[in-house]
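To keep things clear, I will list the structure first and then write my remarks on it.
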Amino acid sequence: MAKYPFSEIEPKWQKYWDERKTFKASEDPSFSKDKRRYVLDMFPYPSGAGLHVGHPLGYIATDIYCRYLRMNGYNVLHPMGFDSFGLPAENYAIQTGTHPAKTTRENIVRFKKQISILGLSYDWGREISTCESDYYKWTQWIFIQLFNKGLAYESEAPINWCPSCKTGLANEEVKDGECDRCHTKVTRKRIRQWILKITAYADRLLADLDGLDWPEAVKAMQRNWIGRSEGAQVSFRVDGMDEAIEVFTTRPDTLFGATYMVIAPEHPLVKKLSTSGQKEAVDAYVDKAAKKSDLERTDLAKDKTGVFTGSYAINPVNGAKVPVWISDYVLISYGTGAIMAVPAHDERDWAFAKAFKLPIIQVVAREGSPEARLGACGDPEECFAEEGIAVNSGNWNGTPTADFKAGITKWLEERGQGKLAVNYKLRDWLFSRQRYWGEPIPLVHCPSCGTVPVPEADLPLTLPEVTSYEPSGTGESPLAKIEHWVNTSCPVCGGPGKRETNTMPQWAGSCWYYLRYMDPTNAKAFVDRAKVDYWMPVDLYVGGAEHAVLHLLYARFWHKVLFDLGLVNSVEPFQRLINQGMMLGEDSQKMSKSRGNVVNPDDIVREFGADAMRVYEMFMGPLEVSKPWSTAGILGSSRFLERLWAMSEKPLVDDEPSGELLKLLHKTIRKVDGDTSTLNFNTAISAMMVLSAEANKLDALPRELWSALVRMAAPYAPHLGEELWFKLGNTESVSKAPWPAFDPALCIDDEVTVVVQINGKLRADFRAAKDAGKEELERTARAMPKIQDYLNGKVVAKIIIVPGKLVNFVVH
RNA sequence: GCCGGCAUGGUGAAAUGGCAUACACGGCAGACUCAAAAUCUGCUGUCCGCAAGGACGUGUGGGUUCAAGUCCCACUGCCGGCACCA
């Protein structure tokens, strides 16, 4: 038997789908809301590097699912587009002078070609590309909505700076003190930046995670990243000054143990608190801290450093005078930038107090300890950071931590010296980049009107042509040098103004692309609300886990803002999320050029066909887990498809399949149906393999069985599916055919194997009618000679009988 | 250190608390063939045994249960994330 001619079949059907727009989606009102599905892939950055077999994994999965849904009568929105602003094209432009738009468009063509040979059922009529001005016009428009809502602000605080990418980075883009993209050590730099106030949505970004059908790991990562912590804000009066230091603490119950305070080197009170004697030392320390990178301030510098200001603060609970220190272990960006230090109950304060010989007073004792009963103790030998019972705390002695926290917070509040407070680890989003290839931020700086947005009628504010793409590295983008572009008139007063020269980060375009797919050519609005109501929210979103906090957090933030503006219908954009696992190389290592273990999908398609590659990638194991590629392994999937092809050459008969085979058919439909709907594609394929192997034993195929098998296989191997469907005499795409139905009555076996156990160990089995009663099963089991041997001379203490399954004799 | 996940044959893996290893790769044997490829059939967890059969077996150690890969407790290893966040 010759190999089935996939190299002819596959292009033929791709052309057929393309010409007939088989997968075009429209807002057809005849589909009820519950018969509509929006299935989305994370869109790619069209890199010039080309794909490896792991890249299309998620695309194949969603494609199978969409084809399955269509056959089950759903109206499916399944679009694809390109995240096309980004540094690689810009860096290539710097090297070669080629305009990034040109490189990007070429890469998109290449990318589309490479994925289109896989037979993916996208509605390409909805394709979008974030770097095209008819798209980014609306990215700019949304930015203006954020600006007008007060959610965008300028700042000059020190930021994360990547010296290699020559741009500022958001917190989320820094990993282990390195730039997430290029792994260069991040430094601190003070330049003017645009920041988005994502922290204003921290509580909702956290709370709304609960209702999402997302992997626990991703939800946990976002919860961690948002990092909500509850405590108290406490005010410490500065001795001899009309000033107070505000601190945030999660342990107000340890206030009696606060023996000193620490403010960050950037704290606004640094100058005022420094006494003349300490001024020189303070200035030197602050200067040194400013030069340290975040990495030096954290990972590398576990040894505590600091300097005394010379000033003292008054502890509100006991009036004690405590010294105020400056140290870079306190971060200006968290809480109030100042802490009360309780060395006995905080590891960091403990290390600092030891280093500078500051007093340590224990105020919490382990529950049940002698100290807890006594309410007092001597100098502690180690730091105790857990909860317990208050000691050395005046009237509060004996109070458990939780009660103490609540009580002291109320006590402080009554005296106007504190209140309940919630803090988030999440920082505002550093949103501007000092680079060329991004959306220009549509703002004009006017000397008399301030910063004003570009009027909607003037959007898109397009990128000007430049002669050099090179970033200046000084914190100005290449746009700053284009005078005719920078110099403009103020949209409010008409006077001279200057354009904002920062551009947006790559995340901007991906924050709302899923909305534009619904209405990709709308020139009047970013999306028509009626279309949003038709499709949103996204029912299934599939993509890589690397976006767990970055893209997924940013997009959720923008979506909530759009919701608040009444522009979208849901508080969350992506109801269900699945992270496809990584495809490793044959050596079980991450697939990468440098390791030389990259497998190219073009080669696989040429040798085995796209259908075989699709089926194999889904057959390998669960979608979510990482697994190594095996070119030898694809043979099994290839053989399965070849068997289907060979079976299609057999004559068809109109008789019903024989009893056992009919049951197998219906059980297979039930299995494949269930597993496909839950994306358990590997076990669905396995079930089809079993059915095809059984049916292949016949010389002539029952038409009903064959038709069902072809339709079940079609979402998985769509080209072969169409070919076999037409070979069956059909004249319309199998994607328009109904998914086969199963008869539950035919899924039940008349006779089942019942196993017999002695003390839980399997000793024998027998066949019995499926509905045989307990008495009958026990009688049959007891009658077996082998079982009689085991029971002989033993006392049967108990018999467990599960009808249709087993008989277990418990003996001794 | 904290948070999340994973651990089953030579390999990818399957298994509503009820026959561990379905399906596939690889391997072995056979059929077909002058021969090979392709295809088809059978066998393939480990150990003992000529066999019948038996013992052991899902990272480790405990536990719950008539029965545990599955539930509970403690641990080990690997992967991912966070990490001076008060």
Side-chain angles (χ1 to χ4, degrees), chain A residues 1-3 175-176 215-225 227-229 231 247-251 254 262 294 297-299 301-304 327-331 333-342 345-349 351-352 385 423-427 545-546 548-549 579 581-582 584 586 588 615-616 619-622 624-640 642-643 646 680 682-690 693 696-697 753-765 786 797-802 804-811:
Chain A
M1 176 63 57
K3 278 192 179 213
K175 297 232 146 68
D176 295 323
E216 264 320 305
V218 176
K219 290 209 257 187
M221 267 189 250
Q222 293 215 353
R223 284 191 192 108
N224 267 331
W225 192 260
R228 183 191 144 96
S229 71
V247 303
F248 172 72
T249 177
T250 54
R251 292 294 298 272
T254 61
V262 186
D294 269 9
R297 278 181 65 156
T298 57
D299 277 21
K302 293 290 181 198
D303 289 338
K304 296 283 182 285
S327 173
D328 62 8
Y329 86 89
V330 171
L331 308 174
S333 49
Y334 183 77
T336 60
I339 61 155
M340 63 174 206
V342 185
H345 305 289
D346 181 282
E347 298 281 357
R348 299 150 298 182
D349 298 344
F352 191 85
N423 256 290
Y424 295 92
K425 217 178 79 173
L426 182 71
R427 306 291 155 79
E546 66 275 17
V549 275
N579 293 129
M582 218 177 332
L584 306 170
E586 299 226 33
S588 293
V615 170
Y616 176 57
F619 180 67
M620 290 173 78
E624 299 88 343
V625 309
S626 294
K627 48 226 172 245
W629 172 267
S630 160
T631 297
I634 196 176
L635 271 173
S637 304
S638 179
R639 283 175 190 151
F640 167 57
E642 277 177 33
R643 179 158 70 205
N680 293 115
N682 55 332
T683 45
I685 293 166
S686 160
M688 286 189 276
M689 286 173 168
V690 172
N696 196 26
K697 290 175 181 164
T753 300
V754 175
V755 302
V756 187
Q757 297 178 332
I758 305 292
N759 289 341
K761 275 199 195 303
L762 177 71
R763 294 300 176 187
D765 60 57
K786 198 169 158 188
K798 198 173 174 184
I799 307 172
I800 288 99
I801 301 164
V802 183
K805 283 244 157 50
L806 62 80
V807 179
N808 185 13
F809 293 95
V810 183
V811 302

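Quick caveat, the model's predicted, so the values are computed rather than measured. By convention in this document, chain letters (A, B, ...) are assigned in the order of the sequence lines, proteins followed by strands, and residues within each chain are numbered from 1.
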Task: G-U wobble or Watson-Crick pairing nucleotide for B/C78 (cut-off 3.5 Å, both distances) - done: B/G5
- [ ] Considering only atom P, compute the distance from B/C66 to B/G61 and round it to an integer number of Å.
- [x] 23 Å
TODO: Indicate, with a heavy-atom threshold strictly under 4.0 Å, whether A/Ser229 touches base, sugar-phosphate, or nothing.
DONE: sugar-phosphate
Open item on the list: Can you tell me the base-pairing partner of B/C32? Count Watson-Crick or G-U wobble geometry only, both distances below 3.5 Å, and say none if there is no partner.
Closed with: none
Task: Base-pairing assignment for B/A51 (Watson-Crick or G-U wobble, both under 3.5 Å) - done: none
Open item on the list: Output the rounded distance in Å from NZ (A/Lys425) to P (B/G81).
Closed with: 14 Å
Open item on the list: Testing the basics here: between A/Val262 and A/Tyr329, what is the closest heavy-atom pair and its distance to 0.1 Å?
Closed with: CG2-OH, 3.7 Å
Open item on the list: Within the 4.0 Å limit for protein heavy atoms, which parts of nucleotides 2-10 of chain B are touched? Write it as a string from 5' to 3', B for base, S for sugar-phosphate only, - for none.
Closed with: -SS------
Open item on the list: Which is it for B/G9, anti or syn, if anything within 90° of zero counts as syn?
Closed with: syn
Open item on the list: Just to be sure I understand the rule, does A/Pro622 reach a base, reach only the sugar-phosphate, or reach nothing, if contact means heavy atoms closer than 4.0 Å?
Closed with: sugar-phosphate
TODO: Using Watson-Crick or G-U wobble geometry with both distances below 3.5 Å, tell me the partner of B/C43, or none.
DONE: B/G27
Open item on the list: With a 3.5 Å limit on both atom pairs, tell me what B/G18 is paired to, counting Watson-Crick and G-U wobble, or say none.
Closed with: B/C66
Task: Phosphate OP1/OP2 of B/U39 contacted by A/Arg639 side-chain N/O (<4.0 Å) - done: yes
- [ ] Please check the phosphate of B/C84 (OP1 and OP2 only) for any side-chain N or O of A/Ser327 closer than 4.0 Å.
- [x] no
TODO: Return the nucleotide paired to B/C84: Watson-Crick means purine N1 to pyrimidine N3 with N6-O4 or O6-N4, wobble means G-U with N1-O2 and O6-N3, both under 3.5 Å.
DONE: none
Task: Any residue meeting salt bridge (Lys or Arg N to Asp or Glu O under 4.0 Å) with A/Lys697, in chain and number order, not counting sequence neighbours - done: A/Glu694
Open item on the list: Both A/Leu635 and A/Ser588 contact RNA chain B. Which one's nearest nucleotide lies toward the 5' end?
Closed with: A/Ser588
Task: Atom P, compared across B/A86 and B/U16: separation rounded to whole Å - done: 42 Å
Task: A/Lys627 side-chain N/O to B/C25 phosphate OP1/OP2 under 4.0 Å - done: no
- [ ] Output the single nucleotide from B/G54, B/G12, B/A86 whose closest atom is nearest the side chain of A/Arg763.
- [x] B/G54
Task: B/A74 to B/U64 separation - C1' atoms, rounded to the nearest Å - done: 15 Å
TODO: Provide the distance between the two C1' atoms, one in B/G45 and one in B/G26, to the nearest whole Å.
DONE: 15 Å
Task: side chain to side chain contact (heavy atoms under 4.5 Å, CB included) partners of A/Ala687, counting only residues at least two apart - done: A/Thr668, A/Lys671, A/Val672
Task: Gap in Å between the two C1' atoms, one belonging to B/G69 and one to B/A14, rounded - done: 11 Å
- [ ] Round to the nearest Å and state the distance from A/Glu546 atom CD to B/C79 atom P.
- [x] 19 Å
- [ ] For B/A68 and B/C82, measure between their P atoms and round to the nearest Å.
- [x] 41 Å
Task: Per-nucleotide protein contact string for nucleotides 16-23 of chain B (B base, S sugar-phosphate only, - none; heavy atom under 4.0 Å) - done: B-BB--BB
Open item on the list: Heavy atoms only, 4.0 Å cut-off, all strands: where does A/Arg228 land among base, sugar-phosphate and nothing?
Closed with: nothing
Task: A/Asp349: partners by salt bridge (Lys or Arg N to Asp or Glu O under 4.0 Å), with sequence neighbours left out - done: none
Task: Length of the CG-P vector between A/Asn423 and B/A86, whole Å - done: 8 Å
Task: OP1 or OP2 of B/C66 under 4.0 Å from side-chain N/O of A/Lys798 - done: yes
TODO: Kindly compute the distance separating NZ (A/Lys786) from CD1 (A/Ile758), expressed to the nearest 0.5 Å.
DONE: 9.5 Å
Task: Mate of B/G57 where both pairing distances stay under 3.5 Å, Watson-Crick or G-U - done: none
Task: Atom-pair distance (CG on A/Asn680; P on B/A14), nearest Å - done: 9 Å
TODO: Quick one: pull up OG in A/Ser626 and CG in A/Asn579 and give me the separation to the nearest 0.5 Å.
DONE: 10.0 Å
Open item on the list: Using 30° and 60° as the class boundaries, would you call the ring planes of A/Phe248 and A/Tyr334 parallel, tilted or perpendicular?
Closed with: perpendicular
TODO: With sequence neighbours excluded, tell me which residues meet side-chain hydrogen bond (donor to acceptor under 3.5 Å, both in side chains) with A/Thr753.
DONE: A/Arg767
Task: Whichever of A/Ala632 and A/Val810 has its nearest RNA chain B nucleotide further upstream toward 5' - done: A/Ala632
- [ ] Determine the contact category for A/Thr250: base if any of its heavy atoms lies under 4.0 Å from a base atom, sugar-phosphate if only primed atoms, P, OP1 or OP2 are that close, otherwise nothing.
- [x] sugar-phosphate
- [ ] Mind checking A/Lys175 for me? I need base, sugar-phosphate or nothing, with any heavy atom below 4.0 Å counting as a touch.
- [x] sugar-phosphate
- [ ] Round to a whole Å and report the spacing from CG of A/Leu331 to C1' of B/A83.
- [x] 11 Å
Task: side chain to side chain contact (heavy atoms under 4.5 Å, CB included) against A/Val756, all qualifying residues, sequence neighbours excluded - done: A/Ala764, A/Phe766, A/Ala781, A/Met784, A/Ile787, A/Phe809
Task: Integer angstrom distance from the C1' of B/C3 to that of B/A13 - done: 29 Å
Task: Rounded distance [0.5 Å steps], CD1 in A/Ile801 versus CG in A/Leu806 - done: 9.5 Å
Open item on the list: Could you tell me if the side chain of A/Thr254 sits less than 4.5 Å from the side chain of A/Met340, heavy atoms only?
Closed with: yes
Task: Pairwise C1' distance for B/C19 and B/G12, with rounding to whole Å - done: 24 Å
TODO: Rounded off to whole Å, could you give me the CE-to-P distance for the A/Met340 and B/A86 pair?
DONE: 13 Å
Open item on the list: Suppose we screen for salt bridge (Lys or Arg N to Asp or Glu O under 4.0 Å). Which residues come up paired with A/Arg223, at least two apart in sequence or across chains?
Closed with: A/Asp210, A/Glu216
Open item on the list: In this structure, how many angstroms lie between the C1' atom of B/U39 and the CZ atom of A/Phe640, rounded?
Closed with: 17 Å
Task: Partners meeting side chain to side chain contact (heavy atoms under 4.5 Å, CB included) with A/Glu586 (sequence neighbours left out) - done: A/Trp629, A/Ser630, A/Thr631
Open item on the list: Let's test your reading of the model: under 3.5 Å, does the base of B/C84 pair with the side chain of A/Lys304 as donor and acceptor?
Closed with: yes
TODO: Could you check how far CD1 of A/Ile634 sits from P of B/G26, rounded to whole Å?
DONE: 12 Å
